[in-house]
2 protein chains.
Amino acid sequence: MIHDRPTAASQTPHPCGQCQFYEGSVWTPIEPGSVSVLAGRFHRRELEADQVLFEQGDANQGVFCVSRGLIALRTHHADGTSTLLKLAYPGEVIGFRSFLDNGNHKTEARALIPSRVCTVARRDAERVVRASPGVLARLAARCVDEIDRNQARIIATATTSNKERLADTLMELIERHGEVDGEVIRARLPLSRKDLADLIGVPPETLSRLIGRLGKEGFFAFSGREVRIPAEGVRTA
Amino acid sequence: MIHDRPTAASQTPHPCGQCQFYEGSVWTPIEPGSVSVLAGRFHRRELEADQVLFEQGDANQGVFCVSRGLIALRTHHADGTSTLLKLAYPGEVIGFRSFLDNGNHKTEARALIPSRVCTVARRDAERVVRASPGVLARLAARCVDEIDRNQARIIATATTSNKERLADTLMELIERHGEVDGEVIRARLPLSRKDLADLIGVPPETLSRLIGRLGKEGFFAFSGREVRIPAEGVRTA
DNA sequence: GCTTGTCATTGACGATCATCAAAACAGAAC
DNA sequence: GTTCTGTTTTGATGATCGTCAATGACAAGC
C-alpha cells in the first residue's frame, strides 16, 4: 500500500545501517569479488574526506544511500566555478534522479568527512523496485520531502535576511556536529567558507562579514572552522 | 521497468487530456452520480478563476492532474499573510505529496484562470499505483524533475538580481500566455502583482519599482496586467 | 629560509533592497 | 455619478548587499 506506515519488516535494521532502499527484500552484502544471487545486494563503500563518490556527468550506476558521514552534492558550471547544492546526511538517498531517467549524474558527490555509503547497483535496484512497490513509494515520499524542504528554502531565501539564514544554518550544523563541552557547545563545521556561502546563497565576502557581525553580537563564537555557542542555546532553540 | 521510455500504450491519449496518472490502465470517466467498477476512474472538474480546488489543511482526497488552465499553490502563514509557492500548468500533478503520506494538504490550490483538473480519488489512485508500478515511477520522476527545478530556482534566487529574475519570469509567462499581434507579443499575466512578487521573492513595492525600471528600459511595456514585447523577442530568446 | 598557491578576511564603494507611510488607482456596490 | 474597498504605485530613508581589489593567514614544496 502506498501510504504504509513503517511496518515491522521495514523497521528491521537493514544490514547497511541507514538504507532506505529496503522493504523486507532479501539482501546480502557483496564483498569485493563475491556475487550474490539474491533479490537485492548491496556494497558498502567507505569514503575518506574529499573523496569523490561520482563525478558530474558520470553515467548512473545505481542508487546510493548515505549510512555514515556527510556527502556534498555540487554542480560545476561552465565557467569553472561550482556551487554546493545540498548536504546529504545519513539516511539520504543519492542518485535517485539519474536512476529514474537512466541518465547521467547532474551533480558531483563528494564526501566532506569520512563517510560510508551503501551502493545498490542499477540492475539490483530495478529488480527490487519491481518486486516491492513499497520501496518505490518510500523513495518517492523522500523526493516529496525534499521538495518540501526546497520550497521552504526558497521561501526562506526570499523572505529572510542573509544573517538570519546564516544563523539558522549554523544552528542546524551545530545540532548535527556539535558536542557539549561544559558550558558551551563546540562544533567543527564540515564545510569550507565557500561551501557555507553557497549554502546560504551569498558570496564568500558577504559570509565573512556576516560571521564577523554574528561573532560581535556574542551568541556565536568563531575560530576557523570551529563554532561555539552557550550550552543552553540548544535547549531554548 | 523503472526507466521506461513512453510506450505505445502510455502515449495513447488519455481521456482526461493531460493526465500523468495513467499507464495503459483501464479508465472511465465518472459523471456525477455514475459509478465505475473498472480499475481506474477519474472525474473532470471545471474550475472558474479564483475557485478553490482544495484548502490548506484539507485531508487528501486523491490526486489531481491539471489538464487545462493554471492552478496556484499557496501557503497561508500564521500571521494571515500568504505566499504563492508554485504555478501548476497542464500536465502537472497536484496533491501527490499528501497522497503519499496520507496527510493533509500543506497548501491551498486555487485556479488563477478557468481551469480543468482530472481528479483521481484516493482509493482509485492507490489501486492503480499498486497495479502499475510504472505509474508510480513516472510520478516519482516528476517529483525528481520538480526537485531539479526547485534547485535551479534556489541557485537563481541566490545568484541573480531581482531584475533578472523578474525578466526571466516574465519571459516564461509570456511564452505561455502570450499571443503574437503584428509586431508585438501581448500577454495578459494571470497573476496579481502580489503573486508575481512572491514568485520572484520580493515585496510588492520592490516589484513595482522593478517593473517601472524594466518598462523604462524599453523591452517590456506594461499596462496593468498586460505586457507587450517586440515579436522578435521570443525568437532571439 | 623563501616562494607559491589557496583560502579567508577586510576595506571601500555604489547599487540594490526592504520598510514604512502616503498617495493614486481600479473596481464593485449603491 | 459617489463612496467604499482593496490593490498598486510612489516617495523617502537607512540598511544590506555584491563587487573589485588588497591584505592576511597558513600550509606545501623547493
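Note: hydrogens, waters and symmetry copies are ignored here, and every other heavy atom, side chains too, is used. Chain letters run A, B, ... following the sequence lines, proteins first, then strands; residues in each count from 1.
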| task | Calculate the interatomic distance between A:E205 atom CD and D:dA22 atom P; express it in whole Å. | result | 14 Å
| message | Within the structure provided, determine whether A:R74 and A:D198 are in side-chain contact (heavy-atom separation under 4.5 Å). | response | no
| task | Please state whether the phosphate of C:dC17, meaning OP1 or OP2, lies under 4.0 angstrom from any side-chain nitrogen or oxygen of B:N162. | result | yes
| task | Measure the CG-NE2 distance between A:L189 and A:H177 for me, rounded to the nearest 0.5 Å. | result | 8.0 Å
| task | Specify the separation, in whole Å, of atom CZ of B:R165 and atom C1' of D:dC17. | result | 13 Å
| message | Rounded to whole Å, how long is the line connecting atom CG of A:L207 with atom P of D:dT19? | response | 14 Å
| request: Starting at atom NZ of B:K216, determine the distance to atom P of D:dT9, rounded to an integer number of angstrom. | output: 12 Å
| query | Between B:L191 and A:K163, which is nearer to the 5' end of DNA chain D once each is assigned its nearest nucleotide? | reply | B:L191
| So does A:T206 get a side-chain nitrogen or oxygen closer than 4.0 Å to the phosphate oxygens (OP1/OP2) of D:dC17? | no
| field | Atom pair CZ (A:R44) and SG (A:C65), whose distance is rounded to the nearest 0.5 Å | value | 12.5 Å
| request: Grab the CZ-P distance between A:F222 and C:dA8 for me, whole Å please. | output: 14 Å
| note | In terms of heavy-atom contacts, B:V120 and B:A125 come closest through CG1-N, 3.8 Å
| Distance in angstrom units between B:R193 CZ and D:dT10 C1', rounded | 14 Å
| query | Under 4.0 angstrom, heavy atoms only, what part of the nucleic acid is A:L196 near: base, sugar-phosphate, or nothing? | reply | nothing
| task | Check whether NZ of the Lys or CZ of the Arg A:R176 lies under 6.0 Å from the centre of the six-membered ring of A:Y89 and within 45 degrees of that ring's axis. | result | yes
| field | Protein-nucleotide distance (A:L189, atom CG; C:dA8, atom C1'), rounded to Å | value | 14 Å
| Separation of atom NZ in B:K194 from atom P in D:dT8, rounded to whole Å | 10 Å
| Minimum-distance nucleotide (side-chain atoms of B:S192 versus C:dT10, D:dC17, D:dT8) | D:dT8
| request: Under 4.0 Å between any heavy atoms, over every strand shown, what does B:R213 touch: base, sugar-phosphate, or nothing? Just pick one. | output: sugar-phosphate
| said: Between D:dG18 and A:R209, counting only base atoms on the nucleotide and side-chain atoms on the residue, is there a donor-acceptor pair under 3.5 Å? | reply: no
